[in-house]
Peer 1: 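Would you mind keeping the following structure in view while I ask a few things?
In the text below, chain A, chain B and the rest are named by the order of the sequence lines, each starting its count at 1.
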Amino acid sequence: MPEVLQYDVVIIGGGPAGLSAAIYTARARLNTLLIERGMVGGQIVNAELVENYPGYAGISGMELTQKMHEQATGFGLKTVTGEVTGISTEGERKTVNTGNGSFAAHAIIIASGSERSKLGVPGEEKYTGKGVSYCATCDAAFFRDKPVAVVGGGNSALTEALHLTHYASKVTLIHRRNQLRATAIMQERIRSNPKMALRLDTVVDAIEGNEFVSELKLRDVNTKKNCTLEVAGVFVSVGFRPNTSFLKSIVPLDQAGAVIVDENLQTKIPGIYAAGDVRSRSVWQVITAAGDGACAGIHVERALGGYG
Amino acid sequence: MGKTVVVDEKSFEEVVLKAKTPVLVDFWATWCGPCRMVAPVVEELSEEYAGKMVFGKVDVDQNPTIAGKYGIMSIPTLLIFKDGKPVTNIVGFRPKDQLKKSLDTALA
């Protein structure tokens, strides 16, 4: 058996929730380990500009989360790379298992975040990487002077659409309702951008093409009329699904697959907490994820008072 | 230390197409967040599969011809080449265990 390293707190996921939790537990002098499967920062590293995190009028998601990580590391946080495969509990002792070894802890904070939901229409999977994308910052440059569509009506969708206007010849925003969900300032920017077109009350029935995407089959939800929109790319931004596949049968999840927590962000299992996008009723913001991390960190600190 | 080789338009043929072993090529760019998630995993794999496979990375921003030739429209994309031809296409971040399965299939 390989040696199992013992920590006071193990945090799963290095986005704003996990990093904020780490700042609190590390400052509480709790021996804290953060496990991240890829690169620290979480989904927000894809955001070119974050404008709603207090204290920064505008900062990239990458820079913001790097600062958080430096801050937590400065207080003693240790970080390892690994994909968590499961959590085992034996009385007070909890163990987080990864492909790179196991780590025991008195408390675990699940902050594994979320990922983009799929649209769930024919052609989506076939053309992923061939015109279907879930990341405008990554892929906008491949669509220079070409028409593209963005599906969704929330802040993420509008942010992606605005980013795309710097590259694409035309950006059509397709949303299934008659109103956008995004905040007013984002709507103003979209409506005043000459490259933008809006298609409300419209759903995508299929994504079609040959080798690459060439058109979308659209349907007006009121008139039921079908039409075709020629595009070289379609960016899907229709919400998030929590990253909880490794948690099945460990902690109770809600219908959307998010971790159910109490008001202290503790799950049904004492000593296991959840923070940020991964928890039930999240509003998927950096600031709320950070708030969750702080909240979970404080409750861990209180619960582990005897150990710390 | 990882053994990933930086490949550009000049060296692509020699390093990737004429390789005696399968080659994994990581198509990436500086502006791409998920690419930075994939890179450390590819580095680890390049150590574990040293000698069995070659690991290369292509910056699509500086090498648009290669990206265009293989129809790359989303990054990160990992292409596994065998005998000069792409045999496996992996778009987006994947856990290491899943990537290992793809590598093992290519080596089989």
Peer 1: Which answer fits B:Pro40, side chain, backbone, both or neither, if we ask what part of it has an atom under 4.5 Å from a heavy atom of chain A?
Peer 2: side chain

Peer 1: Output all residues satisfying side chain to side chain donor-acceptor pair (under 3.5 Å) with B:Ser11, sequence neighbours left out; order by chain, then residue number.
Peer 2: B:Asp8

Peer 1: With only heavy atoms counted, which part of B:Val38 is less than 4.5 Å from chain A, the side chain, the backbone, both or neither?
Peer 2: neither

Peer 1: Can you pull the salt bridge (charged side-chain N to carboxylate O under 4.0 Å, His left out) pairs that have at least one residue in residues 13-22 of chain B, sequence neighbours excluded?
Peer 2: B:Glu13-B:Lys18

Peer 1: Show the pairs of one donor and one acceptor atom, one from chain B and one from chain A, lying under 3.5 Å apart.
Peer 2:
residue: B:Trp31; atom: NE1; partner: A:Thr137; partner atom: O; Å: 3.1
residue: B:Trp31; atom: NE1; partner: A:Cys138; partner atom: O; Å: 2.8
residue: B:Gly71; atom: O; partner: A:Lys130; partner atom: NZ; Å: 3.0
residue: B:Ser74; atom: OG; partner: A:Asp139; partner atom: OD2; Å: 2.6
residue: B:Ile75; atom: N; partner: A:Asp139; partner atom: OD1; Å: 2.8

Peer 1: Could I get the full list of side chain to side chain contact (heavy atoms under 4.5 Å, CB included) partners for B:Thr21, not counting sequence neighbours?
Peer 2: B:Val54

Peer 1: Kindly indicate whether the side chain of A:Cys138, heavy atoms from C-beta on, has any atom under 4.5 Å from the side chain of B:Pro34.
Peer 2: yes

Peer 1: So for A:Ala140, is it side chain, backbone, both, or neither that comes closer than 4.5 Å to the heavy atoms of chain B?
Peer 2: neither

